[in-house]
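Just below is one structure, and these are the notes that go with it.
The figures here come from the full heavy-atom set of this structure, side chains too, leaving out hydrogens, waters and symmetry mates. Counting from 1, the numbers follow the sequence of the chain as shown.
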Amino acid sequence: GQTNLRSPEDIQIYVVNTNFTLSWNYTGNDTNVTFSAEYRWFEDTETNGMEWKGLPGCQNVTCTECDFSSAITEYYDKHHVRIRAERREEVSPWSSTFEMFPYFLAQIGPPGIALQSMNGVIKIKVSPPEENQVRKMWLTPLDFKYKVVFWENSSNSEFRSQSIFPTDIIDDLAPDTTYCLKVQATLPLELREGLFSPIRCIKTTRKVNDLLCATNLRILALNMEFHLHWANRYKQHVSYNVQYLIGYLKKLHEDYSVKWLNVHGCENITDTQCNFSSIITTTSGSYYLRVQAINEYNRSCLSNEVKVDPLITNQIGPPGVKLDISNALLHIQISPPGGSESEVMRDYYDLSYRVLYWKNSSNNEEEIKVKEIKQTIGSISDLAPSTLYCVKVQAFSEAYNKSGHFSKGECIKTPGDKILPLIILATFVIALIAVFLVAVPLVFALYQAYSKIKYVFFPSCQPPLNIEGFGGQLFSSPYLLTAEEPIENCSVIETIITEEVNQIVFKDYKHSKQSSRDSGNYSNDDNTSGSKVSEEMLEKETV
């Protein structure tokens with residue numbers, strides 16, 4: 001059971017597309033040694049795998065590498081590989097096991113290329129790796145991107161590179177010059193770069209300068225309105241057809257030359273501009289445009305192509321702005337660029353707004369303040385009273401790193417300071433209340449004094465009718481003291497006469513009492529008068 005053969009070391013497996021190569025090192029000095037390898041694969045990571053089997057293409061080989069491409073058919077499953085040295089009946093221990101997942105170990109092979117030199121440019125057609133193979137590692141050829149590296153075939157050449165489509169042209173080349181190039185296929189989503197194609201060289205031709213062709217194609221796009229402009233160098237009658245191609249057709253490994261379409265409304269025109277907004281039906285793809293010029297002899301010439309990525313090519317216009325002031329706040333209402341109906345501008349760009357505002361005064365050093373908002377309604381506080389403020393708004397998209405045009409300046413004046421009028425009003429109200437509180441008691445006191453004086457010195461009451469003007473004596477005030485009037489004393493002679501006199505006195509007393517309710521001092525006069533009447537009556541009775 002003992003052997004002097006050493007085990008192979010440094011096992012490596014190289015995978016290019018579906019081609020598998022096993023290599024190793026052998027440090028023994030033995031002669032007539034061969035090598036054999038075994039493998040097993042796992043249907044899933046939880047099982048123990050199949051039994052070890054001899055690896056086809058790697059049995060009894062005399063060199064230190066072998067091709068076992070025919071043995072591997074499951075590119076996403078786990079595989080184990082091991083190898084040993086053999087000499088007649090003597091074998092070495094198995095090497096360490098090499099574990100692999102073919103797809104993750106594989107490299108992208110070189111693409112195929114075909115070149116054609118025409119009118120000062122090089123037309124290149126690229127075929128994907130594994131194009132003619134039955135078994136394929138890469139199942140979606142449309143995912144491939146291609147990069148070409150080219151240079152002049154000279155000692156001091158400079159390498160240039162650019163991305164290309166499967167069918168494309170390389171321009172901006174020197175005429176009558178030999179260029180060499182190579183092409184690489186990549187899978188950007190998987191961060192894979194493939195092997196370069198074999199180097200190919202070709203000589204360029206001279207470019208024909210045809211004045212009929214439209215030149216200087218440029219696109220002006222604002223708020224999803226797209227216009228193509230070009231220059232005309234032809235001095236005679238010429239008409240134009242504007243043509244477009246949907247961008248994804250260039251990604252196909254097919255001839256798309258017959259798939260160009262005319263832009264509606266831009267057929268057989270003499271203007272050097274065209275509105276092609278009608279063809280922009282989606283914002284996720286790209287478009288290519290070219291201009292076909294036709295002269296009076298029906299000879300045509302195609303211009304260079306220009307690419308349109310709608311959301312990248314488009315420029316964001318100025319938004320609409322309305323200003324209003326209330327509750328010491330400056331309110332800003334913004335209309336998205338392109339109007340409120342432009343859903344593309346609002347939704348796809350996910351717009352934000354940059355608000356610039358400043359005091360519009362003669363001082364040129366007034367600071368311009370900036371405020372960024374996400375909504376279409378914003379407000380600004382800390383405003384000075386009776387001041388003219390001006391506002392400009394710019395829409396921008398962080399997702400596309402794109403800023404639009406500023407709106408024209410809108411200005412509005414803030415109202416005056418409301419604090420001073422309030423202070424004046426409050427002072428007036430307080431003073432009014434204080435005057436009222438002082439004036440009312442004073443007026444009341446004066447009124448009471450006036451009433452007393454008037455009542456004392458200018459009474460409004462009159463003396464009774466039965467004594468009015470009696471004796472021509474004037475009465476002044478009931479409250480003034482008067483000299484005591486003499487009172488006559490009478491004696492009753494007979495009882496009968498006294499009763500009659502008493503009745504008469506009583507009647508006169510009642511009448512006097514009725515008249516003296518307004519003045520109490522007249523009662524004395526009434527009694528005196530009554531006494532005199534009684535005396536006269538007594539004299540008449542006596543007679």
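The ring-ring contact (aromatic ring centres under 6.0 Å, His included) with Phe276 is formed by just one residue from the set Tyr244, Phe226, Tyr288; it is Phe226. Applying the side-chain contact (heavy atoms from CB on, under 4.5 Å) test between Val391 and each of Leu356, Leu330, Ile412 identifies Leu330 as the sole match.
You'll find the ring centres of Tyr240 and Trp230 inside the 6.0 Å limit.
No hydrogens or angles considered: nothing links the side chains of Thr272 and Asn232 as a donor-acceptor pair under 3.5 Å.
Remark: Lys259 engages Glu254 in a salt bridge, criterion side-chain N to carboxylate O under 4.0 Å. The pair Lys322-Asp324 does not count as a salt bridge, with every side-chain nitrogen at least 4.0 angstrom from each carboxylate oxygen. Under the 4.0 Å criterion applied to side-chain N and carboxylate O atoms, Arg206 and Asp176 are assigned as salt-bridge partners.
For His80, the ring-ring contact (aromatic ring centres under 6.0 Å, His included) partners are Phe42, not counting sequence neighbours.
In this pair, Phe20 and Phe68 present their aromatic rings tilted. The plane angle is within the 30 to 60° band. Ring geometry for Phe104 versus Phe101: interplanar angle over 60°, hence perpendicular rather than tilted (30 to 60°).
Between the side chain of Asn119 and the backbone N or O of Val208, at least one donor-acceptor pair lies under 3.5 Å.
Residues Val321 and Ser407 share a closest heavy-atom pair of CG2-OG, 3.5 Å.
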Which atom pairs, one a donor and one an acceptor, fall under 3.5 Å between side chains of residues 144-157 and the rest of the protein, sequence neighbours left out?
unit_1: Tyr146; atom_1: OH; unit_2: His253; atom_2: NE2; d: 3.0
unit_1: Ser157; atom_1: OG; unit_2: Glu152; atom_2: O; d: 3.4
unit_1: Ser157; atom_1: OG; unit_2: Ser154; atom_2: O; d: 3.4

